[in-house]
Amino acid sequence: MILGIESSCDDSSLALMEKDNFKLLFYEKISQELEHSKYGGVVPELAARLHTAALPNILEKIKPYFKEILAIAVTNEPGLSVSLISGVSMAKSLSVALNIPLISVNHLIGHIYSLFLDREIELPLGVLLVSGGHTMILEIDEDKNIEILAITSDDSFGESFDKVAKMMGEGYPGGLVIENLAKNSNEDRFKFTIPLKGDKRVEYSFSGLKNQVRVAIEKLGNLSLQDKSDIAYSFQKAACLHIMDKLKIVFKNKKFSKFGVVGGASANLYLRQNLQNLCDEYGCELMLAPLKFCSDNAAMIARVGVDKYKKSEFIDYQNLAIRPRSNLEKL
Ligand code: KG4
Ligand code: ZN
């Protein structure tokens with residue numbers, strides 16, 4: 001079995017996956033959402049301390065399997081440096097103690113693999129990656145080369161939900177909070193402008209939309225629950241339609257037979273519904289990760305580990321460094 005370790009942001013997670021049939025033998029995640037909630041976002045120093053406590057606690061539970069672990073796959077890029085270092089340090093210690101090889105995993109590749117947790121990957125594939133740190137449209141060819149078709153020039157999609165929730169005095173993370181608030185509203189009361197509407201550039205930008213929300217909140221002063229719900233509804237609609245506008249341009253120019261949506265914000269049902277409609281229109285199969293594995297988790301890291309193990313793509317203890325920022329080139 002392969003051990004997966006994930007600690008790139010505010011989730012500490014370990015998973016054990018059987019290499020021959022992708023069976024998930026152990027999975028646990030300790031989320032730090034509650035601790036960061038009162039600050040309205042992730043506090044790096046607090047995240048580091050919480051990882052240091054949580055990771056060994058989960059590790060204790062997999063001790064009985066130690067002899068059966070073939071390799072350790074760990075997220076080393078991209079992410080918060082102080083968080084990445086917790087998982088990487090634990091992976092290195094274990095690798096020395098158990099005398100087994102290390103595998104480095106790119107967190108974004110991990111999210112893509114969340115579509116194929118229990119089976120072989122299927123290519124070619126179009127992907128929308130929407131998380132707290134990234135917003136990207138990707139095209140992956142049969143040879144696993146990744147072309148980035150669109151990125152955000154400022155905030156990411158998930159991050160904009162977090163910031164809007166914070167502005168309304170709601171906790172972190174904001175994605176589910178906003179989605180739930182929006183359910184109590186059904187009229188587009190605020191009619192926020194969709195970013196880059198009519199602009200041919202295939203890129204994303206959420207900071208202008210965030211500012212429109214800020215102005216609306218300032219005008220209202222004290223917010224009632226209905227105000228919050230109406231803001232959430234109009235914001236979610238504008239943010240998702242922005243995602244869809246640019247995807248429509250891409251779909252017009254590319255023929256995808258499969259299109260996957262991954263990352264924490266891919267759990268958003270309004271976005272999923274819009275994507276389903278687009279895929280239906282173009283006769284393309286929409287691929288989704290199980291809801292439980294949309295957000296950060298070690299199962300997707302162990303899954304990448306299985307494929308890299310089969311290709312003997314190991315990394316030396318001395319060469320395994322954290323890379324808070326990194327490029328995506330190959331799956
Ligand atoms: O992939 P992830 O767990 O962490 C990163 O790699 O960044 O994504 C977390 C992000 C947060 O910004 C969170 O607010 C957002 O995903 N998110 C959502 C929803 N659930 C989580 N955004 C919109 N709607 C949701 N239902
Ligand atoms: Zn993530």
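Numbering of ligands and ligand atoms starts at 1, following listing order. Note that this is a predicted model, so its numbers are computed, not measured. Values below: all heavy atoms of this structure, side chains included; hydrogens, waters and symmetry mates excluded.
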Apex the Zn ion (ligand 2); atoms H111 NE2 and H107 NE2; angle rounded to 10 degrees: 90°

Proximal atoms of ligand 1 relative to H111 (non-hydrogen, under 4.0 Å): 1 (O), 6 (O)

Report, as yes or no, whether the 6.0 Å neighbourhood of atom CZ on F66 holds more than 12 heavy atoms from other residues, nucleotides or ligands. yes

Could you tell me, atom by atom, which parts of ligand 1 come under 4.0 Å of a heavy atom of D162? 11 (C), 12 (O), 13 (C), 14 (O)

Interfacing atoms of ligand 1 (cut-off 4.0 Å, heavy-atom, E179): 25 (C), 26 (N)

Contacting atoms of ligand 1, where contact means under 4.0 angstrom from a heavy atom of G158: 12 (O), 14 (O)

Strictly below 4.0 Å, N to O, side chains only: are D143 and K330 in salt-bridge contact? no

Measure up the F206 and F157 rings against each other and bin them: parallel (under 30°), tilted (30 to 60°), perpendicular (over 60°). perpendicular

Is a salt bridge present between K23 and E18, judged by a nitrogen-to-oxygen distance below 4.0 Å? no

Are the aromatic rings of F256 and F251 close, with centres under 6.0 Å apart? yes

Considering only non-hydrogen protein atoms, determine which one is nearest to atom 24 (N) of ligand 1 and report residue, atom name and distance to 0.1 Å. N268 ND2, 3.0 Å

Quick one: which ligand 1 atoms are inside 4.0 Å of a heavy atom on G174? 14 (O)

Just need the protein heavy atom nearest to atom 20 (N) of ligand 1, so name the residue and atom and give the distance. G264 O, 3.5 Å

Any non-hydrogen side-chain atom of L94 less than 4.5 Å from a side-chain atom of L3? yes

Polar atom proximity, G133 to ligand 1 (N or O, under 3.5 Å): yes

Look at K183 together with E179 and state whether they make a salt bridge at an N to O cut-off of under 4.0 Å. no

Any idea how F192 and F190 line up, ring-wise: parallel (<30°), tilted (30 to 60°), or perpendicular (>60°)? parallel

Strictly under 4.0 Å, does any heavy atom of Q236 approach an atom of ligand 1? no

Is it the case that ligand 1 has an N or O less than 3.5 angstrom from some N or O of A265? yes

So which bit of E159 gets within less than 4.0 Å of ligand 1, heavy atoms only: side chain, backbone, both or neither? backbone

among protein heavy atoms, the one nearest atom 10 (C) of ligand 1 is G132 N, 3.4 Å

Kindly indicate whether a cation-pi arrangement holds for R303 with F22, taking the cut-offs as under 6.0 Å to the six-membered ring centre and within 45° of the axis. yes

May I ask you to check if any N/O/S atom from H134 comes under 2.8 Å of the Zn ion (ligand 2)? no

Before signing off on this row, confirm whether S295 and ligand 1 have an N or O atom pair separated by under 3.5 Å. no

Does an N or O from F157, backbone or side chain, lie closer than 3.5 Å to an N or O of ligand 1? no

Specify the protein heavy atom at minimum distance from atom 25 (C) of ligand 1: its residue, its atom name, and the distance to 0.1 Å. G175 C, 3.6 Å

If you take the centroid of each ring, where Trp contributes its six-membered ring, are F259 and Y282 closer together than 6.0 Å? no

So, of the N/O/S atoms that D296 has, which is the nearest one to the Zn ion (ligand 2)? OD1

Rounded to the nearest 0.5 Å, the CD atom of Q276 sits from the SG atom of C284 at a distance of 9.5 Å

With the threshold set at 4.0 Å, does a side-chain nitrogen-carboxylate oxygen contact exist between E218 and R214? no

Given that the side chain starts at C-beta and the backbone is N, CA, C, O, which of these parts of D296 lies under 4.0 Å from ligand 1, counting heavy atoms, or is it both or neither? both

Ligand 1 to H107, heavy atom cutoff 4.0 Å, flagged ligand atoms 6 (O)

